[in-house]
Amino acid sequence: MTTPPANNSVSPLPHPTRREFIAQSAGALSAMAILPTLAAASPAPAAAPDGKAISVGLIGAGRQGRAILAELATMDNVQVSAICDVEASRRENAAKRVSGAAAYASHAELLEKAKDVSAIIIATPTHEHAKIAVDALSAGKHVYCEMPMAHTLADCRAIAKAAASAKSIFHAGLEGRSNPVYKLAWSFFQSDAARAFIAAEAQHFQKTSWRFPGSSPEKEKAANWRLDPELSLGLVGELGVHQLDVVLWYVNQAPTLVSGHGSIRLHDDGRTVPDTVLANFGFKSGADFSYRASLANSFGGRFELLRGSNAAVKLAWTHGWMFKESDAPTQGWEVYANRQQFFRDEGITLIADATKLAAQGKLKEGVGLPHTSVYYALSDFFNAIAAGKPSPCDALTGLRATSLVITANQALLKREAMTIDPATLAL
Amino acid sequence: MGTRFELILLDRPETHLRAVADEIIAEIHRLHGRFSRFESTSIVSQINRDGTGRAVCVDQGAFDLFALAESVRVASRGAFDVCVGHFMHSEHVSPSSRGSADAGPLTLNAAARRVALSSPAQIDLGALAKGFALDVALAILIEHDIPAALIHAGTSSVLARGVPSGATVPGWPIAVRSSYEPLPLVLRDEMLSVSAPRGRSLSTDPERPVSHIIDPRTGQPAAAVDTAATIFPITHPRAGALADAWSTAAIVLADELQDCLSHNPPARGTFHIHRHSRGWRTLAPHAAPELSPLVPQHA
């Protein structure tokens with residue numbers, strides 16, 4: 001039997017009593033599992049060191065900002081006391097969702113007037129991240145920044161440098177790294193369960209226009225920054241950064257080469273930013289990661305698939321599965337694991353907190369996370385603040401992933417293979 | 001919500017309309033993620049999992065929706081209850097010892113925005129989620145100045161805004177189906193919700209369908225009313241959610257509806273009820289408390 005990695009603890013289930021054993025059907029027995037334990041899948045953020053709720057300012061009250069507000073509302077020990085957006089209607093709508101929050105039209109005004117705010121969450125368009133992040137870090141605020149970090153390498157470096165010299169915490173919003181299912185799958189991928197990294201693929205398919213309405217030409221232009229080739233990192237940047245980072249994390253190596261192409265397959269409305277892209281990242285080992293994204297078709301949705309010589313791991317944000325090769329060694333617990341059939345492939349469902357749930361007879365209820373992905377990322381941010389420790393997803397991690405997608409976007413727009421300069425992946 | 005939404009948006013450039021439609025669809029997906037009991041990450045799933053042991057903190061929008069549901073429960077004397085869902089998924093529907101309008105299983109703390117459940121209740125917002133989604137859609141239509149639109153959810157919840165250009169009637173012509181004759185309507189700036197015991201059955205025996213609309217007060221299927229259609233003007237806040245909730249309540253209340261409405265009339269709603277071969281009748285509590293036949297009654 002292979003010894004699991006040091007950060008992976010295996011806890012056998014308590015032995016059932018005779019009454020419990022008889023009461024369980026064969027189907028229920030299959031729901032028992034012996035899986036690595038993790039921290040609880042609902043990590044409520046701890047309070048700040050002074051015992052008070054962490055006071056938060058949200059900058060950017062668009063779609064993602066509102067989603068973040070909904071998650072913050074469910075968190076104890078967190079209080080949203082300031083909201084900022086340049087657009088009055090968004091600002092007012094967001095303020096209605098949070099009682100008692102002051103509303104500001106600029107981040108500068110928020111930083112100047114909302115002195116009680118200790119943590120800033122940046123959910124603005126990507127090209128606005130740098131100035132806000134640098135100003136907030138300079139003001140001594142902890143910063144959570146949505147990804148991609150910035151739209152240029154220079155801006156990414158500016159943020160990373162400011163974070164490096166700041167005493168406060170910077171958290172790059174790469175949600176996969178905080179996701180309990182992804183963390184569980186990571187532990188398997190590091191172990192002999194997956195073994196040698198063969199290849200990876202990921203996709204983000206969703207049929208939508210990516211176009212936002214605006215009540216005036218100026219507002220429409222501002223709202224559609226994703227379709228502005230001067231500002232946008234396109235699908236590979238805005239969507240792919242999260243998925244590429246998962247691969248980087250799992251395989252613990254950076255690609256050395258990227259190529260690809262993009263085109264308009266459906267939304268021929270005058271845009272030049274491709275609505276369908278393919279990017280290929282090559283690693284020194286010979287493995288590769290293939291990324292596809294499209295606004296023209298929804299089949300398959302969003303997932304990452306990492307293939308090892310012993311098993312493949314498929315991750316779909318709130319769900320995850322492991323597909324073991326028939327000749328892969330078994331560790332014993334697989335016999336009892338929860339499974340799901342995908343045509344000819346049978347996947348072991350990856351369930352965070354499985355041991356605890358199985359002991360309660362609730363394993364099947366544990367399929368799917370109890371919180372959204374952004375909830376866990378925000379929790380990690382607030383817990384880092386409370387503990388006074390560095391973020392588990394720091395600025396360098398954000399810089400690395402963002403730099404790669406910046407290069408990838410350039411490569412696919414030029415339809416050229418580009419070598420990745422390792423110097424761009426660090427300060 | 002597990003429901004097909006269809007959107008007809010008119011009288012603006014196509015690119016703009018598509019962008020607005022995409023925003024509405026994105027919001028519907030978000031609401032599904034927030035409120036569907038089938039999504040493990042939804043606030044409803046969280047409350048169903050954790051809300052018995054402790055009160056769950058929710059955002060203001062979610063709290064307002066639960067508060068609306070509770071207000072309709074009280075006003076309908078318990079005929080509408082978002083916690084009735086667990087009856088619908090039992091193999092055998094049996095009488096319940098559950099309560100009256102006075103004591104519901106949902107506990108709301110407005111100051112702290114917390115929601116708690118009394119065991120063994122489970123929340124299912126299916127009876128007003130579609131209407132709530134239409135309320136959100138309406139806000140987007142208004143924000144982006146779309147003068148005419150028709151949006152429906154599963155053909156049972158409808159938002160009719162404005163008048164389609166070139167129309168020969170002053171609104172959107174809609175026909176509400178019943179097991180008997182249809183109800184013709186022309187909707188303008190209104191929300192419509194239709195409920196009927198047919199269509200979904202709790203029984204697996206096709207020869208013996210069991211209404212999926214359960215009376216929360218008794219645990220029994222409600223089948224005395226064939227079809228109920230409620231209409232609220234969009235000027236009323238949360239008109240869509242109210243229309244949805246009250247169309248369900250109307251099925252359950254049946255003959256009690258008129259008395260209930262005379263004591264606790266929801267603001268400016270209109271009720272069209274079809275009582276099995278007795279034709280359509282209309283109740284407009286704020287206009288006049290008496291019944292008025294919309295079409296000639298059938299014997």
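It should be emphasised that the depicted structure is a prediction, and the values quoted were computed from it without experimental measurement. Letters A, B, ... are given to chains in the order of the sequence lines, protein chains preceding strands, and every chain is numbered from 1.
Looking at A:Glu220, the atoms closer than 4.5 Å to chain B (heavy atoms on both sides) all sit in the side chain, from C-beta outward. For A:Lys96, the part sitting under 4.5 Å from any heavy atom of chain B is the backbone (N, CA, C, O) and nothing else. Contacts between A:Asn224 and chain B at a heavy-atom distance below 4.5 Å are absent for every atom of the residue. With a 4.5 angstrom heavy-atom cutoff, B:Glu27 touches chain A only via side-chain atoms. Only the side chain of B:Gln46 comes within less than 4.5 Å of a heavy atom in chain A; its backbone stays farther off. Looking at A:Ser89, only its side chain comes within 4.5 Å of chain B, counting heavy atoms on both sides.
Considering all non-hydrogen atoms of both residues, A:Ala73 and B:Cys57 come closest at O-SG, 3.0 Å. The two atoms that bring B:Ala19 and A:Ser209 nearest to each other are CA-OG, 4.4 Å, heavy atoms only. Closest of all the heavy-atom pairs between B:Ile43 and A:Thr74 is CD1-CG2, 3.8 Å.
For the pair B:Arg113 (side chain) and A:Ser99 (backbone), a donor-acceptor distance under 3.5 Å is absent.
Scanning residues 143-163 of chain B against chain A with a 4.5 Å non-hydrogen threshold yields B:Glu143, B:His144, sorted by number.
Neither side chain, B:Thr15 nor A:Asp269, offers a donor N or O lying under 3.5 Å from an acceptor on the other.
Within the structure, the ring pair (Phe, Tyr, Trp, His ring centres under 6.0 Å) test picks out no pair touching residues 3-28 of chain B (sequence neighbours left out).
Among B:Arg30, B:Arg114, B:Arg34, the residue with the largest count of heavy-atom pairs under 4.5 Å with chain A is B:Arg34. Interface check for chain B: of the options A:Leu69, A:Thr208, A:Asn93, the most heavy-atom pairs under 4.5 Å are formed by A:Thr208. Ranked by heavy-atom pairs under 4.5 Å with chain A, the first of B:Ile140, B:Asp59, B:Asp22 is B:Asp22. For the options B:Val20, B:Ile25, B:Asp64, B:Val56, heavy-atom pairs under 4.5 Å to chain A are most numerous at B:Val20.
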